[in-house]
Amino acid sequence: MARILITSAIPYINGIKHLGNLVGSQLPADLYARYQRSRGHEVLFLCATDEHGTPAELAAAKAGQPVDEFCAQMHAVQKEIAEGFRLSFDHFGRSSSARNRALTQHFAGRLADNGLIEEVSERQVFSIDDNRFLPDRYITGTCPNCGYTQARGDQCENCTKQLDPTDLIDPRSAISGSTRLEVRETKHLFLRQRALRDRLEAWIDSKTDWPVLTTSIAKKWLYDGDGLQDRGITRDLHWGVPVMRGDRPWPGMEGKVFYVWFDAPIEYIACAAEWADAHGYADSAWERWWRTDKGAEDVRYVQFMGKDNVPFHTLSFPATIMGSGEPWKLVDYIKSFNYLNYDGGQFSTSQGRGVFMDQALQVLPADYWRWWLLSHAPENSDAEFTWENFQASVNKDLADVLGNFVSRVTKFAATKLGDTVPGGGAPGPLETALIADLGARVREYEALMEAMEVRKAAAELRGIWVIGNEYLQAAAPWSAIKTDPARAEAIVRLALNLIRVYAILSQPFIPDAAQAMLAAMGSPDAQWPDHIGSALTALPPGHAFTVPENLFRKITDEERADWQTRFAGVRT
RNA sequence: GGGCCUGUAGCUCAACGGUCAGAGCAGGGCGCUCAUAACGCCUUGGUUGGGGGUUCGAGUCCCUCCGGGCCUACCA
């Protein structure tokens with residue numbers, strides 16, 4: 001039995017995430033976690049909300065709430081939605097937790113002790129009316145290059161020219177519109193990533209099995225221009241982890257907080273501690289997942305994230321861990337995803353474009369979305385969600401291929417042979433062939449799941465469902481029952497067992513339907529079918545089963561058209 | 001500007017440099033009647049974005065052009 005630590009990129013707190021966010025990290029992470037658990041491995045699957053930073057402060061202000069209350073409320077909302085999607089986190093933590101505060105300060109102290117922190121004085125724009133320093137992109141003005149009046153302080157979106165906020169003509173705060181801006185001196189801490197560059201490079205180079213998307217982004221940052229840059233890890237904000245050197249004050253840094261991208265990855269560790277706290281476990285319980293000197297040397301750590309998160313997970317966070325000089329677990333595998341687009345454009349949280357997680361669940365149960373999203377995961381390139389494709393895939397794959405299979409088997413069995421597994425007949429050549437075919441396919445499915453080939457695994461699973469229908473067609477119990485009832489009983493016995501096996505195999509993708517199938521088969525036992533032949537005799541003659549409600553309903557053309565219209569515009 | 005990814009059948013996607021470029025859906029034909037008008041079998045359909053090159057052999061490697069997307073370090 002292996003021990004597998006799984007983390008999903010932690011969603012930002014400032015709103016409900018859209019389906020693109022979901023499929024890029026939490027959902028495939030859940031797929032993997034569920035699969036590894038069902039294979040009998042010990043899994044710790046962690047996620048949390050990422051709560052610090054300027055956008056959180058602004059979102060709270062907009063909602064008219066203190067930022068801590070806002071975050072607490074949004075955390076609860078995201079937690080509930082995650083449960084709605086059946087995301088099986090062992091713990092859903094908060095980057096604002098006391099555990100993360102202490103760990104973040106601890107890491108900063110260790111880095112400083114090891115000479116990897118540099119204090120740098122910078123000049124930044126301060127908005128007098130907002131009473132805050134403004135990140136470059138929160139300053140707008142007229143582009144000196146093209147005259148565009150809505151240019152941001154980091155880059156003009158119109159002519160794409162890179163800008164410095166002081167380049168802007170008539171600069172103003174993007175938050176309040178105030179023009180009372182001034183440049184002020186401020187001191188910040190920088191993580192000396194340059195000093196760790198060679199170690200990071202060697203480490204990245206050793207990861208030859210990582211997805212191209214992951215390593216190419218990492219190498220771009222390692223080699224681009226002057227190479228890896230030192231990174232500021234503090235900000236002049238009110239909401240965040242206060243800058244401390246371990247448990248001691250940091251002279252000159254009073255009133256400042258750590259940069260959200262410094263504390264957010266540390267939450268992966270802190271979340272494990274939160275998990276232990278929530279269950280009343282000792283520190284050793286979480287340390288055996290994270291400290292290689294305390295039992296984590298045999299842990300395999302896998303991270304899931306969208307491509308925009310890759311630099312922080314391949315460079316910044318590893319630099320933090322390496323630089324600490326302490327035996328923390330480094331990630332073993334990074335599965336990264338491209339973006340999911342929505343009907344010809346991008347999903348957009350800020351513009352409210354696309355389908356958001358709460359809306360999705362109002363329209364259809366989790367399994368429908370899980371199946372479509374995972375079977376179309378943007379692994380090799382950006383993918384696109386359209387309602388036509390969603391309707392076609394869900395109706396065909398779930399309702400027709402799987403749902404109808406369960407329906408036709410259970411209804412035939414119950415109607416013709418009673419409400420228990422029939423005992424007559426014996427397996428023949430068709431059954432032998434099915435078992436051989438299924439066995440080979442399950443082994444392939446296992447290999448794809450192990451490799452996190454999400455789309456291919458979904459296709460293989462679908463193929464596994466299909467052979468059930470092929471078998472029924474060939475065996476034709478509806479004919480056999482007229483001439484050779486014992487033969488029909490043998491067919492039905494196998495088909496009912498097939499439903500149970502399908503439930504187990506399908507559970508990572510569609511957990512609710514899988515549960516319904518197991519319940520209908522009266523089978524609390526969900527042992528992975530290591531041996532197909534014996535797995536297909538798990539339900540013995542005389543075992544009671546029930547006919548379940550249809551597992552999946554079809555999406556009608558009217559519904560599709562309605563949803564298309566409803567989600568075409570901007571979220572209100 | 002630089003970097004990376006991407007372009008394959010009407011649609012969504014596969015194909016360690018090596019049979020005739022495959023699969024699902026959609027389309028066409030046949031079969032079945034247990035089932036959610038579901039299922040099964042057969043089948044139409046591609047000058048692999050254009051052009052050049054390397055190679056015994058290129059969807060795959062190189063050059064170039066065209067199109068789409070992402071990143072570019074102070075949003076997270």
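It should be emphasised that the depicted structure is a prediction, and the values quoted were computed from it without experimental measurement. In what follows, every chain begins at residue 1, and chains take the letters A, B, ... in the order their sequences are listed.
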Can you run through RNA chain B from 5' to 3' and write each base as (, ), [, ], | or . depending on how it pairs? Watson-Crick or G-U wobble, both distances under 3.5 Å. (((((((..((((....[...)))).(((((.......))))).....(((((..]....))))))))))))....

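Taking the side chain to side chain donor-acceptor pair (under 3.5 Å) definition, one finds that A:N469 meets it with A:R408, sequence neighbours left out. Scored by the side chain to side chain donor-acceptor pair (under 3.5 Å) test, A:S97 finds A:E274 as partners (sequence neighbours excluded).
In summary, A:R123 and A:D164 do not engage in a salt bridge, as defined by a charged side-chain N under 4.0 Å from a carboxylate O.
A:F70 is not listed as a side-chain neighbour of A:E57, based on a closest heavy-atom distance of 4.5 Å or more.
The closest side-chain donor-acceptor pair between A:D557 and A:Q391 falls under 3.5 angstrom.
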Going through the checks in order, is the side-chain hydrogen bond (donor to acceptor under 3.5 Å, both in side chains) test met by A:W465 and A:D397? CA-CA 9 Å; A:W465 297 337; A:D397 299 345; over 6 Å; no

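As rounded to the nearest Å, B:rU44 and B:rG28 have P atoms that lie 15 Å from one another. Taking the P atom of each, B:rG67 and B:rU54 are spaced 28 Å apart, rounded to whole Å. When the P atom is compared between B:rA15 and B:rU60, the two are found 14 Å apart, to the nearest whole Å.
Side-chain atoms of A:E122 and base atoms of B:rC74 include a donor and an acceptor less than 3.5 Å apart.
At the heavy-atom level, A:Q124 lies under 4.0 Å from base atoms of the strands shown. Within the nucleic acid shown, A:D308 comes within 4.0 Å of at least one base atom, counting heavy atoms only.
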